[in-house]
**Student:** 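Input: one structure, supplied below.
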Amino acid sequence: MSNPSYARVIIDRSIHRELDYLVPEMLAEKIGIGSRVRVPFREKSALATVVSLLDETDATGIRPIEAVVGDKPVLSLKLIELSRWMSAYYCCPIETVMRSLLPQVIRRAEVGWKKQLVVSAAKPITPEELEKLRRRAPRQAELMDAVVKLNGPIPAAQLLRQTSLDNQTLRAVEKRGWITLNEEAVARDPHADEVFIASANLVLNSEQTAALKVVEESLAAPEQAKPILLHGVTGSGKTEIYLQAIHSTLARGRTAIVLVPEISLTPQTVERFKSRFSEAQDTVAVLHSHLSEGERHDEWHKIHAGRARIVVGARSAVFAPLENLGLIVVDEEHETSYKQEEAPRYHARDVAVVRAKMEGAVVLLGTATPSLESYHNAMQQKYRLLNLTERVDNCQMPLIRIVDLRLERRKQKVAAILSEKLRAAITSRLEKREQTILFLNRRGFSTSLLCSNCGEARDCPNCSVALTFHRGAARLSCHLCGHTAAVPKKCPACSQDTLIYAGFGTEKVEANVNQIFPDAVVRRMDADSMTRKDSYRETLHAFRTGKIDILVGTQMIAKGLHFPNVTLVGIINADLALHMPDFRAGERTFQLLTQVAGRAGRGETPGEVFVQTYTPFSPSIQFARHHDFAGYFQQELEFRERCEFPPLNHVVLITVRSAHEGRAQLSAETIARRLKEALPAEFILSSPTPAPLEKLQGQFRFHILMRGAAIMRLSRLVRATLDKLPLPEDVFAAVDVDAYQLL
Ligand code: ADP
Ligand code: ZN
């Protein structure tokens, strides 16, 4: 068979086209589908990915490929197929999809393995030679004394450290031929200095056993298997099922991906996987955004070379280049952080389902609070539903009490941060030496600053939101664009000394708790207090070992953490999430309450949760209180049906933005008009409106919302319409398919 003569490539540039190049004879052996290559493009050269090999082409002016990057293809045929699907579904150019599929450090191919110099003895040195050396070059002799004692090669740095000698001496001895120096690659392992104690499979309870049985049946016949939705209350032992399912997957000679929301990808989580599969140091690779470029390079190659067989990671780990994929676990499948908020705007759970189907793998979605989408799929028999209704060891579900802040306000005259009931509950925990978590989904000290004289509020100059006052940092800051400003002493508008700080965030809760409970050890955990690399780990450790009585924090503490001695959780304000202008606000509130409540009572003593709210009768709060997911789902689905929102339809959101308000609006209106002509009646098109967040980072924003069931078709029509419509240079239109962020 002759070698194919042409390669079709996708260039790492937005040109929306695939191009053909000649494969030079001398590179033919090394180029395959999925190879990275350097090609001439316009006047320069560019990096590109080979997507197919051809015998002939009708393109003209064909130029040869210049070089191959790396020694083997980086993308499998299946991953290229997945990119094509994503491009069509998410209405996004394929080169943008490709950019997400390969980490930057792999695409650029500039960062390589970390090299280290290794010393090995070359020819033996005679005692006479050594004596002569001792007189003429005592330091070289000293080095040779150490070399003679070696049992094998040793890193040069280590040898020099032991002998306190320098590089010059090393090179001199090399010149004389007694040693050789070689460069060898070393892997940077982010967990190299941690010891993992091997853990064995636990004996499953009957619900877990039944669930695992279904997963194993699917693993035995993956081609017929449906995606599995594992709905298990917090603490029901879902992770143990993942671990045992992975075990079976490996036993079948296949590999596994575990997706975890970035925020839950804690050392604790990684440890659970690393220690269960610790027989080989390399079995588990970890991918997340805090890796250094070098670490990411090494973890990625460890997977690509087939040494790692399990990948634990955040969103983008769904693209991990594992061969022979057998299982994808998506933990906390309802988490909105699986949705990428920049192009390609993909949802990792949905991509996982599609990838699993393409590769003949099983997909296992786990959560205590399924998304409406996944649960609906289960009700429609598209997914297989498995339930874990009880906590492991029959721990009780926490008792949830609602505190009506309206009554509280009448009693106390001012809006206190802690209601009397919550205060009393904290007091009793402190007496019993049990721990408390206080949750508030908002950082900072006070969340707005206004003048009581002239009414002027301090808003961000770039965004339509108020600036937050941070007392520790003594600055005002915008949580959307990062703009900061000095704290004014007087109102900048009317120069009166009449500024009022209103609203509160975690920083003020911490101060308030410190004031009320001066003897308690209080610590705060949010993006402001966790700036050092180790602070997260240290604080969690201090909390786990009982050195902290009360932990105040944002969603950072809401997820997945397991503390047996926490018997009280206070949700300071449940209404924050509820009043967002977003059809998923109720769903998010239900999920948040359930998840946060799940932090309480995971040990011997049952937990108690206080939910403070001004809207005690809202369904999300009431159903969460009764741990009634099914009831919640029914009533929420009715609401979604009435409004024709997901899960019954898909939504596509176009955001048109520009620094120039008039041009943004005009473009939005033009786009909407063209869409109206292009879209058949089965699709619902809303008129363009200013976005709820009208201004962000200096850009004025308009929304066009579309809904429909046939999403591939809708995507295609939207793409075609936008492609035909040139926008002014300073106007941008972003398409978000299955949008989660509606602000
Ligand atoms: P979930 O992921 O559902 O919140 P986890 O898997 O974290 O729950 O389990 C909670 C705790 O129960 C963990 O400490 C886990 O080791 C333990 N556990 C899980 N299954 C069992 C079991 N069958 N027997 C004993 N302990 C278990
Ligand atoms: Zn701002």
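Keep in mind the model is a prediction, meaning the values are calculated, not measured. Throughout, numbering of the chain's residues begins at 1 and tracks the sequence.
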**Student:** Is it true that atom CD of E323 has more than 12 heavy atoms of other residues, nucleotides or ligands lying nearer than 6.0 Å?
**Tutor:**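 Open.
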**Student:** Search all heavy atoms of A122 against all heavy atoms of G177 and return the closest pair with its distance.
**Tutor:**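 So the minimum-distance heavy-atom pair works out to CB-O, 3.4 Å.
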**Student:** Between the side chains of E373 and R584, is the shortest nitrogen-to-carboxylate-oxygen separation below 4.0 Å, so that they form an ion pair?
**Tutor:**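 Looking at E373 together with R584, the answer is yes, because their closest N to O distance falls below 4.0 Å.
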**Student:** Of the non-hydrogen atoms in N649 and G708, which two are nearest, and what is the gap between them?
**Tutor:**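 It is OD1-C, 3.2 Å.
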**Student:** Treating S658 as the side-chain partner and H660 as the backbone partner, does any N or O pair qualify as donor plus acceptor under 3.5 Å?
**Tutor:**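 Confirmed, S658 side chain pairs with H660 backbone.
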**Student:** With a 3.5 Å distance limit and no angle check, can you tell me whether R657 reaches the backbone of A664 through a side-chain donor-acceptor pair?
**Tutor:**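 No; zero donor-acceptor contacts below 3.5 Å.
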**Student:** Classify the ring geometry of W300 against H304: parallel below 30°, tilted from 30° to 60°, perpendicular beyond 60°.
**Tutor:**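 Parallel: the ring planes of W300 and H304 meet at under 30°.
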**Student:** May I ask you to decide if S337's main-chain N or O and Y740's side chain share a donor-acceptor pair within less than 3.5 Å?
**Tutor:**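 Checking the backbone N and O of S337 against the side chain of Y740, no donor-acceptor pair under 3.5 Å is found.
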**Student:** Do the side chain of R349 and the main chain of E335 share a donor and acceptor less than 3.5 angstrom apart?
**Tutor:**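 Flag not set: sc R349 to bb E335 has no pair under 3.5 Å.
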**Student:** For the pair E66 and R38, find out whether any cationic side-chain nitrogen is under 4.0 Å from an anionic carboxylate oxygen.
**Tutor:**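 Looking at E66 and R38, the cut-off is not met.
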**Student:** Report yes if the side chains of L101 and T49 come closer than 4.5 Å at any heavy-atom pair, otherwise no.
**Tutor:**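 No. Closest side-chain heavy atoms not under 4.5 Å.
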**Student:** Without swapping roles, check the side chain of R8 against the backbone of V51 for a donor-acceptor pair under 3.5 Å.
**Tutor:**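 Such a contact is absent between R8 side chain and V51 backbone.
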**Student:** Would you please say whether a donor-acceptor pair under 3.5 Å links the side chains of S264 and E332?
**Tutor:**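 The answer is no; no qualifying pair exists.
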**Student:** From the options L705, D736, I711, select the one residue that forms a side-chain contact (heavy atoms from CB on, under 4.5 Å) with V651.
**Tutor:**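 Of the listed residues L705, D736, I711, the side-chain contact (heavy atoms from CB on, under 4.5 Å) partner of V651 is L705.
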**Student:** With the threshold set at 4.0 Å, does a side-chain nitrogen-carboxylate oxygen contact exist between E677 and K724?
**Tutor:**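 No.
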**Student:** Taking everything shown except R63 itself, do over 12 heavy atoms lie less than 6.0 Å from its CZ?
**Tutor:**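 Yes, because the 6.0 Å sphere around CZ of R63 holds more than 12 heavy atoms from other groups.
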**Student:** Should T255 and I303 count as side-chain neighbours, where that means a heavy-atom distance under 4.5 Å?
**Tutor:**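 No. Closest side-chain heavy atoms not under 4.5 Å.
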**Student:** Would L480 and L693 count as a side chain to side chain contact (heavy atoms under 4.5 Å, CB included) if you check the C-alpha gap in whole Å, the side-chain angles of each, and the deciding distance to 0.1 Å?
**Tutor:** CA-CA 10 Å; L480 294 177; L693 195 62; 3.6 Å; yes
**Student:** Minimum heavy-atom separation for V330 and A352, please, with both atom names.
**Tutor:**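 Minimum heavy-atom separation between V330 and A352: CG2-CB, 3.9 Å.
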**Student:** I'd like to know whether E95 forms a side-chain hydrogen bond (donor to acceptor under 3.5 Å, both in side chains) with S14, so could you lay out the CA-CA distance, the side-chain angles of the two residues, the decisive distance to 0.1 Å, and finally the verdict.
**Tutor:** CA-CA 7 Å; E95 53 266 28; S14 306; 4.7 Å; no
**Student:** I need the F702 CZ to R663 CZ distance, nearest 0.5 Å.
**Tutor:**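 So the CZ of F702 and the CZ of R663 are separated by 13.0 Å.
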**Student:** I'd like to check I15 versus R42 (side-chain heavy atoms, cut-off strictly below 4.5 Å). Are they in contact?
**Tutor:**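 Result yes, sub-4.5 Å side-chain heavy-atom pair found.
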**Student:** Check this for me: does any side-chain nitrogen of one of K302 and E299 sit under 4.0 Å from a carboxylate oxygen of the other?
**Tutor:**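 Judged by the 4.0 Å cut-off on N to carboxylate O distance, K302 and E299 do form a salt bridge.
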**Student:** Mind checking whether L742 and P692 have side chains closer than 4.5 Å, heavy atoms only?
**Tutor:**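 The answer is no, as the side chains (C-beta and beyond) never meet within the 4.5 Å cut-off.
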**Student:** Evaluate the ring planes of Y89 and H650, with Trp represented by its six-membered ring, and classify them as parallel (under 30°), tilted (30 to 60°) or perpendicular (over 60°).
**Tutor:**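 Perpendicular: the ring planes of Y89 and H650 meet at over 60°.
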**Student:** Are any non-hydrogen side-chain atoms of R707 and F683 less than 4.5 angstrom apart?
**Tutor:**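 Result no, sub-4.5 Å side-chain heavy-atom pair not found.
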**Student:** Please report the interatomic distance CD(E262) to OH(Y338), rounded to the nearest 0.5 Å.
**Tutor:**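 Output value for this atom pair is 10.5 Å.
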**Student:** Tell me whether T721 contacts the main-chain N or O of L717 through its side chain, where contact means a donor paired with an acceptor under 3.5 Å.
**Tutor:**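 Yes.
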**Student:** Answer yes or no: is there a side-chain heavy-atom contact under 4.5 Å between P24 and I65?
**Tutor:**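 With C-beta onward as the side chain, the pair touches.
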**Student:** Does the distance from a Lys or Arg side-chain N to an Asp or Glu carboxylate O, for E174 and R171, drop under 4.0 Å?
**Tutor:**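 Between R171 and E174 there is a salt bridge, with a charged N closer than 4.0 Å to a carboxylate O.
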**Student:** Taking all heavy atoms of A485 and all of L467, pick out the closest pair and write down the distance.
**Tutor:**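 So the minimum-distance heavy-atom pair works out to CB-CD1, 4.5 Å.
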**Student:** Determine the minimum heavy-atom distance between F732 and L727, stating which atoms define it.
**Tutor:**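 Nearest pair, atom of F732 first, then L727: C-CD1, 4.3 Å.
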**Student:** Looking only at atom types and distance, does a side-chain atom of E694 sit under 3.5 Å from a main-chain N or O of S464, one as donor and one as acceptor?
**Tutor:**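 No: the side chain of E694 does not pair with the backbone of S464.
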**Student:** So, taking the atom named CG in L653 and the one named OG in S686, what distance separates them when rounded to the nearest 0.5 Å?
**Tutor:**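 Going from CG on L653 over to OG on S686, the span is 9.5 Å.
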**Student:** Counting heavy atoms not belonging to R674, are there more than 12 under 6.0 Å from its CZ?
**Tutor:**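 Open.
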**Student:** Side chain to side chain contact (heavy atoms under 4.5 Å, CB included), that's the test. Do L79 and R355 meet it? Break it down for me.
**Tutor:** CA-CA 8 Å; L79 282 173; R355 182 172 180 193; 3.7 Å; yes
**Student:** Within a radius of less than 6.0 Å around NZ of K72, do more than 12 heavy atoms belonging to other residues, nucleotides or ligands occur?
**Tutor:**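 Atom NZ in K72 is packed in, count exceeds 12.
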**Student:** Between Q697 and H483, is any side-chain donor less than 3.5 angstrom from a side-chain acceptor?
**Tutor:**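 H483 and Q697 do not have a side-chain donor-acceptor pair below 3.5 Å.
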**Student:** Rounded to the nearest 0.5 Å, how far apart are CD1 of I310 and CD1 of I257?
**Tutor:**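 Between atom CD1 of I310 and atom CD1 of I257 there are 11.5 Å.
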**Student:** Any heavy-atom pair between the side chains of S100 and R315 that's under 4.5 Å?
**Tutor:**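 No, too far: nothing below the 4.5 Å cut-off.
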**Student:** Going by an N to O cut-off under 4.0 Å, is there a salt bridge joining D12 and R36?
**Tutor:**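 A salt bridge is present here (some side-chain N lies under 4.0 Å from a carboxylate O).
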**Student:** Do D738 and K339 sit within salt-bridge range, that is, some charged N less than 4.0 Å from a carboxylate O?
**Tutor:**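 No.
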**Student:** Tell me the closest heavy-atom pair linking A486 and L476, and the distance in Å.
**Tutor:**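 Heavy atoms only, the tightest pair is O-CD1, 3.7 Å.
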